[in-house]
Amino acid sequence: MKKIIIFIGGPGSGKGTQAKRIVEKYGYGHLSTGDLLRKMENDQHLSPAKQEALVQMRAGNLVPDWLIFELAFDEILRQVKQGKGIVLDGAIRNVKQAEGYQEFFKRENLLNEVIVIEIKLSDEEALHRVHKRKVCGACGEIFPNSTTSEIPPVCTKCGGELMVRVDDSLAILKHRLATQGEVANGPIRDFYKQIGILEAVDGSQTVPVVENEIEKILQAR
Ligand code: AMP
């Protein structure tokens with residue numbers, strides 16, 4: 001199985017949920033740049049450039065590429081040097097980043113270890129899932145808005161308090177979908193397709209079905 005699994009897909013496509021499944025099953029590391037950025041909110045000594053990046057994040061905009069590379073590259077190397085794999089969850093959101101990561105993988109002799117899986121979901125469905133979804137403040141488990149199941153009062157994994165992310169409010173969410181949804185993913189998908197490392201799954205299916213399809217892709221590569 002490849003050591004570096006990259007998930008691409010818009011907000012609410014299920015990248016975080018599926019990344020967590022791989023982490024649980026295979027002991028891979030989990031790199032969610034969104035989680036790392038949210039953790040930075042607690043740091044009282046951030047540089048002005050990083051503070052500005054967090055302002056952009058809260059408004060639903062992308063943060064600068066240099067910050068993403070700073071957060072991601074060391075963590076990837078740390079995992080790989082321990083002989084572990086790593087799942088990149090939302091760590092690549094434009095073609096410049098995709099190129100930057102490929103250059104990094106080339107420098108580190110990791111190009112053959114990379115697979116990219118796109119989780120496809122329409123912006124319309126994403127809007128429904130993410131609006132009103134809740135996230136556990138303690139362990140990060142995600143509880144999507146669904147017509148078939150109710151969101152529990154507390155986290156079913158750890159009992160932690162569930163909360164709504166600031167950037168999941170309707171207006172910001174619509175902006176995130178416009179800048180990070182179906183349209184934004186097109187050029188990233190084309191980039192990876194051209195270099196022959198792209199696979200795709202239909203993210204509108206249930207979590208176990210998507211998980212199963214991802215499993216088959218990972219075993220076949
Ligand atoms: P997420 O938790 O994955 O939905 O990410 C939350 C927010 O973090 C996004 O809306 C962006 O503002 C920011 N972010 C996360 N990853 C990236 C990235 N690779 N490039 C730029 N901004 C990012």
Side-chain angles (χ1 to χ4, degrees), residues 4-20 22-23 29-43 46 49-76 86-105 114 116-119 121 123 125-137 139-145 162-185 187-189 191-192 203:
I4 298 164
I5 302 168
I6 298 175
F7 281 131
I8 59 170
S13 57
K15 303 184 297 289
T17 300
Q18 295 298 336
K20 286 197 176 71
I22 292 174
V23 170
H30 183 188
L31 178 81
S32 158
T33 39
D35 284 351
L36 292 177
L37 288 162
R38 279 184 290 278
K39 271 191 199 134
M40 278 171 49
E41 299 268 16
N42 304 324
D43 187 342
L46 285 181
K50 287 183 180 170
Q51 288 177 26
E52 172 56 25
L54 293 184
V55 171
Q56 294 305 323
M57 180 185 73
R58 282 180 226 118
N61 295 318
L62 292 185
V63 308
D65 299 342
W66 61 263
L67 178 54
I68 293 304
F69 297 152
E70 186 180 304
L71 292 171
F73 291 173
D74 284 353
E75 182 56 19
I76 294 171
I86 186 162
V87 190
L88 273 58
D89 158 12
I92 295 168
R93 304 206 191 190
N94 61 39
V95 173
K96 274 265 164 282
Q97 289 180 10
E99 288 168 351
Y101 277 88
Q102 285 304 105
E103 281 162 23
F104 162 73
F105 293 139
V114 184
V116 181
I117 302 178
E118 180 189 13
I119 308 188
L121 191 72
D123 287 349
E125 185 144 354
L127 183 72
H128 172 75
R129 272 192 198 178
V130 178
H131 183 49
K132 296 191 181 147
R133 80 173 163 185
K134 290 196 173 167
V135 180
C136 175
C139 76
E141 187 70 9
I142 302 156
F143 296 87
N145 182 22
L162 301 186
M163 45 190 70
V164 176
R165 276 172 43 176
V166 246
D167 59 347
D168 280 348
S169 74
L170 194 55
I172 297 182
L173 179 57
K174 282 187 175 162
H175 179 61
R176 280 167 63 211
L177 284 166
T179 52
Q180 304 174 41
E182 280 176 292
V183 172
N185 272 301
I188 307 174
R189 177 194 312 133
F191 173 84
Y192 285 121

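What you see below is based on every heavy atom in this structure, not just the backbone, and it leaves out hydrogens, waters and symmetry mates. Counting starts at 1 for both ligands and their atoms, in listed order.
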*Taking the side chain from Gln56 and the backbone from Asn61, do they hold a donor-acceptor pair closer than 3.5 Å?*
no
*asked:* Heavy atoms only, cut-off 4.0 Å: how does Leu62 contact ligand 1, side chain, backbone, both, or neither?
replied: both
*For ligand 1, which atoms, with element, lie under 4.0 Å from some heavy atom of Leu37?*
8 (O), 13 (C), 14 (N), 15 (C)
*Please report which non-hydrogen protein atom sits nearest to atom 7 (C) of ligand 1, along with the residue it belongs to and the distance in Å to one decimal place.*
Met57 CG, 3.6 Å
*Run the numbers for me: atoms of ligand 1, each under 4.0 Å from some heavy atom of Arg38, listed by number.*
2 (O), 6 (C)
*Nearest to atom 18 (C) of ligand 1, what protein heavy atom do you find, and at what distance?*
Ile68 CD1, 3.3 Å
*asked:* So Leu31 and Val87, do their side chains get closer than 4.5 Å, heavy atoms only?
replied: no
*Measure the distances from the heavy atoms of Lys15 to every atom of ligand 1 and state whether one is below 4.0 angstrom.*
no
_Within-4.5 Å side-chain heavy-atom neighbours: Glu118 and Phe7_ = no
*Element-labelled atoms of ligand 1 that are located less than 4.0 Å from some non-hydrogen atom of Gln97*: 18 (C), 19 (N), 20 (N), 21 (C)
*Can a non-hydrogen atom of Gly60 be found less than 4.0 Å from any atom of ligand 1?*
no
*Which part of Ser32 is near ligand 1, with near meaning a heavy atom under 4.0 Å away: side chain, backbone, both or neither?*
neither
*Give a yes-or-no answer on whether the side chains of His30 and Asp89 include a donor-acceptor pair shorter than 3.5 Å.*
yes
*asked:* If you compare all heavy atoms of Ile142 against all heavy atoms of Lys20, which two are closest, and at what distance to 0.1 Å?
replied: CD1-NZ, 4.2 Å
*Give the atoms of ligand 1, by number and element, whose distance to some non-hydrogen atom of Arg176 is under 4.0 Å.*
4 (O), 10 (O)
*Quick one: nearest non-hydrogen protein atom to atom 11 (C) of ligand 1, plus distance?*
Asn61 O, 3.6 Å
*For atom 22 (N) of ligand 1, the protein heavy atom that lies nearest, with its residue and separation*: Val63 N, 3.1 Å
*Would you call Lys134 and Asp168 a salt bridge, using N to O less than 4.0 angstrom?*
no
*What are the two closest non-hydrogen atoms of Asp167 and Arg58, and how far apart are they?*
CB-O, 4.1 Å
*Flag the pair Ile86 / Glu75 as yes when at least one side-chain heavy-atom distance between them is below 4.5 Å, and no otherwise.*
yes
_Checking a contact table here: which protein heavy atom is nearest atom 4 (O) of ligand 1, and how many Å away?_
Arg165 NH2, 2.9 Å
*Does any non-hydrogen side-chain atom of Ile117 lie less than 4.5 Å from one of Ile6?*
no
*Of the protein's non-hydrogen atoms, which lies at the shortest distance from atom 10 (O) of ligand 1, and what is that distance?*
Gln180 NE2, 3.1 Å
*State whether Glu41 and Arg38 are salt-bridged, where the test is any N-O pair (Lys NZ or Arg NE/NH1/NH2 against Asp/Glu carboxylate O) under 4.0 Å.*
no
*For atom 3 (O) of ligand 1, find the nearest protein heavy atom and state the residue, atom name and distance (0.1 Å precision).*
Arg93 NH2, 2.5 Å
*Using a strict cut-off of 4.0 Å, indicate which atoms of ligand 1 neighbour a heavy atom of Gly90.*
16 (N), 17 (C), 18 (C), 19 (N)
_Where ligand 1 meets Thr33 - atom numbers and elements under 4.0 angstrom, heavy-atom basis_ = 15 (C), 16 (N), 17 (C), 19 (N)
*Are any of the heavy atoms in Gln56 under 4.0 Å away from ligand 1?*
no
*Where is the tightest heavy-atom contact between Pro11 and Leu177, given as atom of each residue plus distance?*
CD-CD2, 3.9 Å
*Got a donor-acceptor contact below 3.5 angstrom from the Tyr101 side chain to the Lys96 backbone?*
no
*Which atoms of ligand 1 have any heavy atom of Ala91 under 4.0 Å away?*
19 (N)
*Examine the proximity of ligand 1 to Asp89 and report which part, side chain or backbone, both or neither, has a heavy atom under 4.0 Å away.*
neither
